[in-house]
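Input: a single structure, listed below in structure tokens.
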Amino acid sequence: MPFLGAQEWAAISMPLDDLASAELVRGPSSALYGANAFNGVLNLVSKQARYSEGGFARLAGGELSTVNADLRQGGEIGGGWFYKVNGGYRGSDDFTVARVGTPQAVTQSEYGTTEHGLLPAERIAPVLDENEILFGGVRLDRYFDNGHAATIEGGYASIEGPVFQTGIGRVQLLDVDRPWFRGNYNAPHWNLLGYWNGRDAVQRSLQASITPTSPAGLLLLDDTNWQLELQGNQDFFDGRARVVAGASYGEEEIRTERTLTFADVDADFSAVFAQADFDITNRLKAVLAGRYDESNLHDSQFSPKGSLVFALTPNQTLRLTYNEAFQVANYSEFFLQAPVAPPLTALAALEAALGPLLGGVPLGFGAIPVLAVGNANLAIEEIETWELGYSGVLGGRTLLTADYYSSSAENFISDLLPNVGPGGRLNPDFQFYAPPAALNAQARAILLAQLQGLIAQIPALAALSNNFDGAPILVGATYTNFGEVDTEGIDVGLQWHISRPWRWSFNYSWFDFDIVEAPSPQLANQLKPNAPEHSFSTGLLYAADRWDAAVSFRWVDGFDWSAGVFNGEVPSYELVDLVGNYRVTDSIALGLNVSNLTDEEHWQAFGGDVLGRRALGSIKFEW
């Protein structure tokens, strides 16, 4: 969902069975993926149609009135053609509850106590009390005798009901359609890829006030984006060196009908990139990569990457990497226009009193919107990271990974902050109110003097400004760049294949966050990592011919959270999950999936839902 720079997981139009792999590429990755690959990339790869022959149907249900259905069919058509069709339905309640009332009452009813921070009260309760998601997709693959291959694929998702957090409050999806299409042509030494995504959405802000452009918090958000990418590769020196290079171009359109932005937004993106791998010796390998990005949203940017991989033994390696990456403000941070409080009516009397002096020129003081606004002057966030890692297979049965990283980031984009503070105005586009140009100099001076005199009685008037069309607004909040932050951490992972059916895993992470520079103590207090200092997980898996089962435990240390209007604490929590499958016959399988087995109520982001247990059972038919 580009407007917020976030993934809309409910829109992924395939069952999890259709994933061939899921890989978390950690660390800054702009050298390979461009803007916003700031601290990592989650790379999900779907299965090719030729590896999806046959079909299955699965029905699942359980707690929260959940009913899920999945269907897939694939096979060979002939002449090198393969196909795959999938579809699904998700229907359930969820853990979302209304927060209409005072902050004190909302906190006590949902989080139990005020010690963790106050939730903002909402003006509107969720309209839908059930989530419904429909999705489907079709894929065609063609394999040629010369080693070339072509893919044509498309899908669609329809979403109703989910509630998600934003910096200005929670939003419920009322009617969202997500169509998509991609095509790919692959040859041994080059690849051409193109895709198109759409989003046609009606959603409702649970926090927004009623305005003429946004009745009862109604928000419209349509988006289309497309991209073409051409990539080539070539080996050199008998395969000891390999170069990959390419270029991409894409465009994006955001349409909100002035419910979320001052105006519609068009953006374009282009890039050239290259990576070279060298086998310096039989045990030492080097990787160098770089990417140059241009866009009408940000200044040109070059992102380098370098790494050395040294083989201690055939099964053990050391890795040293250096990466730089950049993050561009999302469309909300650049162009937001959203009400955050009821309109101010206190100046209507002033306009009436000054009527004879105004000469018929309207001021628009009857109901002045109180808005959170974007900041088109935001600079790019930048990060550079060093990482030292070890990976080794010990004793033929144990895989050990250990990584240490150290990062320095600057120009953080803040959460929404008051536009007027100790350091002046954060957003240069919204200075103090300027009277209409049609007024004569005497009327303008008298009006400004009256407004300045009222600030002591109505402090909010300090944020009085003008919209881009000259109309008066109160800039309740905006974004800014600030600060330099150093982070470091350690990640350790262990997988032990105890015997053929048994496997044990363990993971631990330590994270440290240090604010090196901030414009003011007030802004420093706003910057939180929104992540725990310590966390670990462990799990035990048993996999036999007819059945498998796994139990896992995860512990997360408590941490502070700050994101827009949500500022509070996420207390420490522990979770136990259980999954199991039993194959009754070669064609029928039963499944069990229990998330949060002990039903420990917790929240994983301040302002998020209080989560409990969800247990689902399933039956799957394969052919």
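Each residue takes its place number in the sequence, starting with 1.
Remark: Gln604 CD is packed, more than 12 non-hydrogen atoms of other residues, nucleotides or ligands lying under 6.0 Å away. Annotation: Asp175, atom CG; neighbour count of heavy atoms from other residues, nucleotides and ligands within 6.0 Å is above 12. Other residues, nucleotides and ligands contribute more than 12 heavy atoms inside 6.0 Å of the CG atom of Asp599. Counted within 6.0 Å of CH2 on Trp510, heavy atoms from surrounding residues, nucleotides or ligands total more than 12; the atom is thus considered enclosed. Heavy atoms of other residues, nucleotides or ligands lying less than 6.0 angstrom from CG of Leu16 number 12 at most.
Inter-residue side-chain proximity for Phe334 and Val328 is flagged as met; some heavy-atom pair is nearer than 4.5 Å. Within the 4.5 Å cutoff, no side-chain heavy atoms of Leu218 are placed close to those of Thr259. When side chains are defined from C-beta on, Ile383 counts as touching Asn39, because their heavy atoms get closer than 4.5 Å. In this structure the side chain of Tyr331 reaches within 4.5 angstrom of the side chain of Glu252, judged on heavy atoms. The shortest side-chain heavy-atom distance between Val576 and Asn596 does not fall under the 4.5 Å cut-off. Using a 4.5 Å cut-off on side-chain heavy atoms (C-beta onward), Gln337 and Leu260 make no contact. Using a 4.5 Å heavy-atom threshold, the side chains of Leu616 and Asn68 count as touching. Taking 4.5 Å as the limit, some side-chain heavy atom of Leu44 sits within range of a side-chain heavy atom of Leu42.
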Intermediate values then yes/no, ring pair (Phe, Tyr, Trp, His ring centres under 6.0 Å), Phe511 and His534: CA-CA 7 Å; Phe511 173 77; His534 302 279; over 10 Å; no
Stepwise side-chain contact (heavy atoms from CB on, under 4.5 Å) check, Glu387 with Arg319: CA-CA 8 Å; Glu387 182 175 353; Arg319 182 185 72 257; 3.1 Å; yes
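The two residues Gly389 and Asp403 have their closest heavy-atom pair at CA-OD1, 3.3 Å. The two residues Pro2 and Asn330 come nearest to each other via the heavy atoms O-CB, 4.0 Å. What you find for Glu130 and Ser92 is that their closest heavy atoms are CG-O, 3.3 Å. Nearest heavy atoms, Thr96 versus Pro126: CG2-CG, 4.2 Å. Taking all atoms of both residues into account, the shortest heavy-atom contact from Leu219 to Ser205 is CD1-CB, 3.8 Å. When all heavy atoms of Phe430 and Asn419 are compared, the pair lying nearest together is O-ND2, 3.3 Å.
Side chains of Glu382 and Gln301: a donor-acceptor N/O pair is present below 3.5 angstrom, by distance only. In summary, the side chains of Asp94 and Asn131 do present a donor paired with an acceptor at a separation below 3.5 Å, with no hydrogens or angles considered. Ser391 and Thr317 share no side-chain donor-acceptor pair at under 3.5 Å. Between the side chains of Asp429 and Asn377, at least one donor N or O sits under 3.5 Å from an acceptor N or O. Judged purely by distance below 3.5 Å, without hydrogens or angles, the side chains of Gln316 and Tyr390 pair a donor atom with an acceptor atom. Inspection of the Thr321 and Ser307 side chains reveals no N or O donor paired with an N or O acceptor under 3.5 Å.
A side-chain donor-acceptor contact under 3.5 Å links Thr538 to the backbone of Ser505. In this structure a side-chain-to-backbone donor-acceptor pair under 3.5 Å is missing from Ser29 to Leu32. The backbone N or O of Gly374 sits nowhere less than 3.5 Å from a side-chain atom of Glu333 that would complete a donor-acceptor pair. The backbone N or O of Ile413 sits less than 3.5 Å from a side-chain atom of Glu381, completing a donor-acceptor pair. A distance-only check finds no donor-acceptor pair linking the side chain of Trp386 to the backbone of Asn323 [under 3.5 Å]. The closest donor-acceptor contact from the side chain of Asp548 to the backbone of Ala543 lies at 3.5 Å or more, if one exists at all. No side-chain donor-acceptor contact under 3.5 Å links Asn427 to the backbone of Thr478. In this structure, the side chain of Arg99 engages the main chain of Gly607 through a donor-acceptor pair within 3.5 Å.
For the atom pair CH2 of Trp9 and CD1 of Ile133, the computed distance is 13.5 Å after rounding to the nearest 0.5 Å. Within the model, atoms OG of Ser406 and CG of Asp512 stand 10.0 Å from one another, a figure rounded to the nearest 0.5 Å. Taking CZ of Phe513 as the reference point, atom OG of Ser407 lies at 11.5 Å (rounded to 0.5 Å). Ser303 OG to Tyr33 OH: the interatomic distance, rounded to the nearest 0.5 Å, is 14.0 Å. Taken to the nearest 0.5 Å, the OG atom of Ser414 stands 8.0 Å off from the OH atom of Tyr479. His602 NE2 to Glu574 CD: the interatomic distance, rounded to the nearest 0.5 Å, is 10.0 Å.
Asp17 meets the salt bridge (Lys or Arg N to Asp or Glu O under 4.0 Å) test with Arg58, Lys620; sequence neighbours excluded. In this structure, the side-chain contact (heavy atoms from CB on, under 4.5 Å) partners of Glu8, at least two apart in sequence or on a different chain, are Met1, Ala11, Ile159, Leu173, Val176, Arg178, Arg199. Every residue two or more places apart in sequence or in another chain that forms a salt bridge (Lys or Arg N to Asp or Glu O under 4.0 Å) with Asp18 is listed here: Arg72, Lys84. Judged as a salt bridge (Lys or Arg N to Asp or Glu O under 4.0 Å), and not counting sequence neighbours, Arg397 has no contacts. Glu63 is linked by a salt bridge (Lys or Arg N to Asp or Glu O under 4.0 Å) to Arg613, counting only residues two or more places apart in sequence or in another chain. Legend: residues meeting side-chain contact (heavy atoms from CB on, under 4.5 Å) with Phe95, ordered by chain and number and at least two apart, are Leu64, Asp609, Leu611. Trp180 is linked by a side-chain hydrogen bond (donor to acceptor under 3.5 Å, both in side chains) to Ser13, counting only residues two or more places apart in sequence or in another chain. Every side-chain hydrogen bond (donor to acceptor under 3.5 Å, both in side chains) that Asp223 has, sequence neighbours left out, goes to Asn225. Residues forming a side-chain contact (heavy atoms from CB on, under 4.5 Å) with Leu540 (at least two apart in sequence, or on another chain): Ile498, Trp502, Trp504, Val551. Glu384 meets the side-chain contact (heavy atoms from CB on, under 4.5 Å) test with Tyr322, Glu324, Ser408; sequence neighbours excluded.
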Ignoring hydrogens and angles, write down the donor-acceptor pairs under 3.5 Å from the side chains of residues 552-567, residues two or more places apart or on other chains.
unit_1: Trp555; atom_1: NE1; unit_2: Ser572; atom_2: OG; d: 3.1
unit_1: Ser562; atom_1: OG; unit_2: Gln526; atom_2: O; d: 3.2
unit_1: Ser562; atom_1: OG; unit_2: Asn567; atom_2: OD1; d: 2.5
unit_1: Asn567; atom_1: ND2; unit_2: Gly564; atom_2: O; d: 3.0

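Among residues at least two apart or in separate chains, salt bridge (charged side-chain N to carboxylate O under 4.0 Å, His left out) pairs with a member in residues 481-496 are Arg26-Asp491.
Salt bridge present: Glu122 and Arg170 bring a charged side-chain N and a carboxylate O closer than 4.0 Å.
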